[in-house]
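Atoms within a ligand are numbered from 1 in the order they appear, just like the ligands themselves. In what follows, residues are counted from 1 in the order of the sequence shown.
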Amino acid sequence: MKAAGALRRAVFLDRDGVINAMVYDTEHGLIDSPQNPDQFQLLPNVGEAVRLINEMGLLAVVVSNQPGVAKGKSTMALLESTTARMERELAESGARLDGVYYCLHHPEATLEQYRGICSCRKPKSGLLRQATEAIGIDLDRSFMVGDGLTDIQAGRSVGCTTVLLGTLRCDSCHLMSDQNAFPDLLAPDLLSAVRLIQSRLGQP
Ligand SMILES: [Mg+2]
Ligand SMILES: [Zn+2]
């Protein structure tokens, strides 16, 4: 255990739909995560948002389910070069990530080594806990920003303040109450979410 004073506040960030745009797979008619660096495109104002997290003195930590390798849609090399592109594009805005944690598992993975029920696939909290172990994070005073209810569940389960990106619809309200996944805050995009967090930090 690290001393309480050494623990830092973090903003945990989901990746797809928060940092980068989703990709439309015309072949299968599906909306999917980018599976290679060429498909990776930062969403508007994300560089500015992450830089603001850096400037506030909070850790910016990506926590993302990435089962593409397990499903044979991508490779470790492509996933790594996609991560490198994300970091390079953020750096162009003077923004820096303090950690990137991926869950590579999936219950129906085609690659056996990644098949199974793990403790890190969101809505579980394993990725947030791994980051906490590695960097020293005060979870109760940290934030989780995501565009899915599984992000909200993962954040809530470890005591983070949660921010859901997007607009609230009636059908999502049912889901939220069924799954105990009500977010603490709502924002249209990452930059708005970070500004909300900033105003929260300004409060006593
Ligand atoms: Mg997402
Ligand atoms: Zn996992």
Undergrad: Could you give me a count of protein N/O/S atoms that are under 2.8 Å from the Mg ion (ligand 1)?
TA: 3
Undergrad: Applying side-chain hydrogen bond (donor to acceptor under 3.5 Å, both in side chains) as the test, list every pair that has at least one member in residues 70-79; sequence neighbours left out.
TA: Asp32-Lys73
Undergrad: Begin from the C-alpha positions of Val62 and Val18 and carry the test side chain to side chain contact (heavy atoms under 4.5 Å, CB included) through to its verdict.
TA: CA-CA 10 Å; Val62 170; Val18 173; over 6 Å; no
Undergrad: Is it the case that over 12 heavy atoms from other parts of the model lie below 6.0 angstrom from the CD atom of Glu87?
TA: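 Yes, CD of Glu87 has more than 12 neighbouring heavy atoms, counting only those of other groups under 6.0 Å.
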Undergrad: Could you tell me if Asp184 and Thr161 have a donor-acceptor pair between their side chains, going purely by distance under 3.5 Å?
TA: no
Undergrad: Between Arg195 and Glu48, does at least one N-O distance fall below 4.0 Å, as a salt bridge requires?
TA: yes
Undergrad: Under 2.8 Å from the Zn ion (ligand 2), which protein N, O or S atoms are there? Could you list them by chain and number?
TA: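 Within the sphere that stays under 2.8 Å of the Zn ion (ligand 2), the protein atoms of type N, O or S are Cys103 SG, His105 ND1, Cys118 SG, Cys120 SG.
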Undergrad: One thing to verify: whether Asp151 and Lys122 come together as a salt bridge, which I'm taking to mean a side-chain N less than 4.0 angstrom from a carboxylate O.
TA: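 Salt bridge between Lys122 and Asp151, a charged N being under 4.0 Å from a carboxylate O: yes.
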Undergrad: So that I can tick it off, tell me whether Arg88 and Glu92 are bridged by a salt bridge, with the cut-off set at under 4.0 angstrom between side-chain N and carboxylate O.
TA: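 Between Arg88 and Glu92 there is no salt bridge, as every charged N stays at least 4.0 Å from the carboxylate O atoms.
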Undergrad: In terms of side-chain geometry, is the basic nitrogen of Arg129 or Glu133 positioned less than 4.0 Å from the acidic oxygen of its partner?
TA: no
Undergrad: Can you run down the side-chain hydrogen bond (donor to acceptor under 3.5 Å, both in side chains) pairs that involve residues 104-117, sequence neighbours left out, and say none if there aren't any?
TA: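 Sorted pair list comes back empty.
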